[in-house]
There are 2 protein chains.
Amino acid sequence: MLETITRMKTADARDRLLESARKSESEKRGRKASKEVRQLQLIEATIDSLAKRGYSETTMADVADGAGLSRGIVNFHFESKEKLLIATLQHMYDEYSTHWRNALQKAGDDPAQQLQALVAADFDRSICNKRKLAAWCAFWGEAKSRPTYQALSSARDAVYQTIFIDLCATLKQSGDYAYEPQVMALALSAMLEGLWLRLMMGTEDTTRETALQSANEFLSAAFPKHYPWKAAGATKP
Amino acid sequence: MLETITRMKTADARDRLLESARKSESEKRGRKASKEVRQLQLIEATIDSLAKRGYSETTMADVADGAGLSRGIVNFHFESKEKLLIATLQHMYDEYSTHWRNALQKAGDDPAQQLQALVAADFDRSICNKRKLAAWCAFWGEAKSRPTYQALSSARDAVYQTIFIDLCATLKQSGDYAYEPQVMALALSAMLEGLWLRLMMGTEDTTRETALQSANEFLSAAFPKHYPWKAAGATKP
DNA sequence: CACCATTTGTTGAACATTCATTCAATATGG
DNA sequence: CCATATTGAATGAATGTTCAACAAATGGTG
């Protein structure tokens with residue numbers, strides 16, 4: 001099931017395309033552009049629409065308008081609305097996946113630093129912003145009733161979860177903790193998703209910084225020997 | 001903003017109505033029923049439809065069919081589709097709210113037991129089942145783009161959050177912990193919501209029991225003096 | 001109790017609107 | 001000039017809403 005999903009372009013290639021899709025409003029209007037650039041442009045417009053109007057109010061017309069193109073264009077590049085939405089979800093999934101893999105790779109060999117890097121990656125601006133979070137949530141709302149979405153709708157997939165469990169297990173050994181790795185990993189990743197949900201609801205009292213702070217507080221509580229209390233503001237009122 | 005929301009029937013009165021709405025298929029068909037019973041019947045059918053087909057595919061016809069009534073009936077009892085959905089959301093909000101308040105009241109005076117009671121209440125069968133979770137998530141997906149939903153769409157409201165913060169503060173004093181109550185409370189409630197999300201996605205590897213176990217593991221990690229490690233399976237492989 | 005009037009609930013067809021999709025015509029680049 | 005991309009109007013299906021007709025309860029009256 002995952003083999004069709006895990007195929008993804010390199011981050012470099014995607015960024016180059018994205019750049020082309022975004023820059024030069026003057027150039028894209030009316031002018032031809034490569035197939036991939038146009039598709040990315042439409043996908044970005046879809047994310048915009050999902051964020052602004054929600055899933056149920058996202059229309060082909062709105063996507064086309066948002067991209068500054070004509071009505072019929074979406075059915076030309078994507079066969080149908082459903083396929084456009086699937087491509088959009090796949091795009092976000094790939095982006096998220098690439099992002100945490102990069103963060104993990106840059107974190108070095110220390111498990112504690114790796115785990116913290118994964119957590120921090122979740123709240124990076126490029127991934128964690130109102131627009132993208134709203135789009136994610138739009139898909140979540142439809143995922144249960146649409147089998148096609150189910151595999152992709154949880155950004156944090158089975159591989160991600162396995163890595164979390166492994167990290168928790170490693171830290172448990174080196175820190176002599178009492179928890180069950182699998183159980184703690186579930187609590188941790190659920191909290192990350194829950195914080196996303198809070199950020200998306202956007203009640204203004206929760207910001208990206210606050211959320212990250214909460215996540216780190218969780219790490220300090222669960223792995224006190226690896227993440228000693230300090231920056232958290234201590235006991236000062 | 002909250003004064004219109006907090007008005008809610010007593011749990012007793014609501015349960016009685018629900019009972020009437022559910023029982024005796026023979027009686028409700030074609031026969032007249034009190035206004036309130038019929039409205040509850042339609043709300044239940046709406047939740048069914050949301051859970052089965054998702055927000056965007058929930059139609060008035062499907063709701064009417066689900067309730068075994070005719071097409072035009074919904075516009076008679078609720079003025080429009082939008083008002084039906086708002087009433088449905090309000091119903092779920094009231095139900096959730098009543099539920100945790102009851103759980104809190106039954107928990108006695110010990111803060112540690114109160115907190116655990118609130119956590120456990122989240123995973124009670126009556127609140128936490130596929131049908132209801134799916135309906136919640138359907139609304140989450142639309143909440144950001146619909147101001148009317150925003151106040152109601154987060155089951156755990158400001159009052160709930162304040163209580164969480166207070167409990168965390170109290171436990172901090174009695175246990176001499178290092179965390180910041182506000183930050184820890186956010187982590188905790190976010191994790192609860194995240195676990196709901198996981199349960200709703202329903203990948204079968206997460207059950208109500210597993211989720212509750214994770215939540216309790218969190219409590220043991222954050223408040224070790226109040227929730228000592230024991231039932232968690234210890235270090236046995 | 002019988003009768004009728006009124007209110008209230010219910011039905012299902014008709015209507016209007018929105019929207020995804022199609023496609024013939026047109027424009028563009030190679 | 002050919003292949004490809006793009007346009008925008010036409011089409012048809014889905015769906016929320018309206019409403020006239022009908023049915024059931026209610027209540028008053030003799």
Side-chain angles (χ1 to χ4, degrees), chain A residues 17 20-21 24-43 45-46 48-50 52-88 138 142 145-146 148, chain B residues 17 20-21 24-43 45-46 48-50 52-88 138 142 145-146 148:
Chain A
L17 284 174
S20 311
S24 66
E25 298 283 326
S26 57
E27 196 183 354
K28 76 182 180 196
R29 260 194 186 268
R31 294 243 145 264
K32 271 194 184 174
S34 89
K35 209 157 189 136
E36 273 192 320
V37 168
R38 187 97 323 157
Q39 287 183 356
L40 257 179
Q41 184 188 356
L42 289 170
I43 285 177
T46 305
D48 285 340
S49 185
L50 286 171
K52 191 175 36 156
R53 316 179 30 145
Y55 187 97
S56 68
E57 304 259 294
T58 288
T59 67
M60 300 288 262
D62 193 52
V63 170
D65 289 354
L69 297 170
S70 75
R71 298 291 153 96
I73 197 65
V74 188
N75 286 91
F76 178 79
H77 284 286
F78 302 87
E79 196 175 321
S80 65
K81 183 183 183 182
E82 191 185 359
K83 291 193 176 164
L84 166 69
L85 289 168
I86 290 172
T88 302
E142 298 291 320
S145 52
R146 253 170 260 253
T148 326
Chain B
L17 284 174
S20 309
S24 65
E25 299 283 327
S26 56
E27 197 182 355
K28 77 183 179 195
R29 264 197 181 263
R31 295 244 143 262
K32 271 193 184 173
S34 90
K35 208 157 190 135
E36 274 192 319
V37 168
R38 188 94 328 154
Q39 286 184 356
L40 257 179
Q41 183 187 358
L42 289 170
I43 285 177
T46 306
D48 284 341
S49 186
L50 286 171
K52 190 175 35 155
R53 318 183 21 148
Y55 187 98
S56 68
E57 304 260 291
T58 287
T59 67
M60 300 287 264
D62 193 52
V63 169
D65 288 354
L69 298 170
S70 75
R71 299 287 153 98
I73 198 68
V74 188
N75 287 90
F76 177 80
H77 286 285
F78 303 87
E79 197 176 321
S80 65
K81 183 184 183 183
E82 191 184 0
K83 291 193 176 163
L84 167 68
L85 289 167
I86 290 172
T88 303
E142 298 292 320
S145 52
R146 253 169 258 251
T148 328

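In the text below, chain A, chain B and the rest are named by the order of the sequence lines, each starting its count at 1. Excluded from the calculations below are hydrogen atoms, water molecules and symmetry mates; all remaining heavy atoms, backbone and side chain alike, are included.
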- Message: Run the side-chain contact (heavy atoms from CB on, under 4.5 Å) test on Thr59(B) and Arg53(B) for me, step by step, so that the C-alpha distance in whole Å, both residues' side-chain angles and the decisive distance to 0.1 Å come before the verdict.
- Response: CA-CA 9 Å; Thr59(B) 67; Arg53(B) 318 183 21 148; 4.0 Å; yes
Practice task
Check the pair Gln41(A) / Leu69(A) against side-chain contact (heavy atoms from CB on, under 4.5 Å), numbers first and verdict last.
Solution key: CA-CA 10 Å; Gln41(A) 184 188 356; Leu69(A) 297 170; 4.2 Å; yes
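- Nearest heavy atoms, Arg71(A) versus Ala64(A): CA-CB, 4.1 Å.
- Remark: C1' of dT15(D) and CG of Leu85(B) are 14 Å apart, rounded to the nearest angstrom.
- Between the C1' atom of dT17(D) and the CE atom of Met60(B) lies a distance of 8 Å, rounded to the nearest Å.
- Here Thr148(B) contributes atom OG1 and Lys83(B) contributes atom NZ; the two are 11.0 Å apart, rounded to the nearest 0.5 Å.
- Per the geometry, CG belonging to Asp62(A) stands 13 Å off C1' belonging to dT18(C), to the nearest Å.
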Intermediate values then yes/no, side-chain contact (heavy atoms from CB on, under 4.5 Å), Ile43(A) and Phe78(A):
CA-CA 10 Å; Ile43(A) 285 177; Phe78(A) 302 87; 4.0 Å; yes
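- Residues Glu142(B) and Leu85(B) have side chains not in contact (no heavy-atom distance under 4.5 Å, counting atoms from C-beta outward).
- Closest to the side chain of Thr59(B), from the set dC19(C), dG12(C), dG16(D), is dG16(D).
- Regarding Asp65(A), its CG atom lies at a distance of 15 Å from the C1' atom of dT6(D), rounded to whole Å.
- Per the geometry, CZ belonging to Arg38(A) stands 11 Å off P belonging to dG29(C), to the nearest Å.
- One atom, CD of Glu57(A), and another, P of dT17(C), lie 17 Å apart when rounded to the nearest Å.
- Contacts with DNA chain C (heavy atom under 4.0 Å) in residues 72-79 of chain B: Gly72(B), Ile73(B), Phe76(B), His77(B), listed by number.
- Listed nucleotides dT7(D), dA20(C), dG12(C) differ in distance to Arg71(B); the shortest reach to its side chain belongs to dG12(C).
- The distance from atom NZ of Lys35(B) to atom C1' of dA24(D) is 15 Å, rounded to the nearest whole Å.
- At a threshold of 4.0 angstrom between heavy atoms, the contacts of Ser56(A) with the nucleic acid are absent.
- For Lys81(A), the side-chain atoms get nearest to dA20(C) when compared with the rest of dA20(C), dT6(D), dT11(C).
- In this structure, the separation between CG on Asp62(B) and NZ on Lys52(B) is 5.0 Å, given to the nearest 0.5 Å.
- Distance, Glu36(B) CD to dT8(C) C1': 16 Å, rounded to whole Å.
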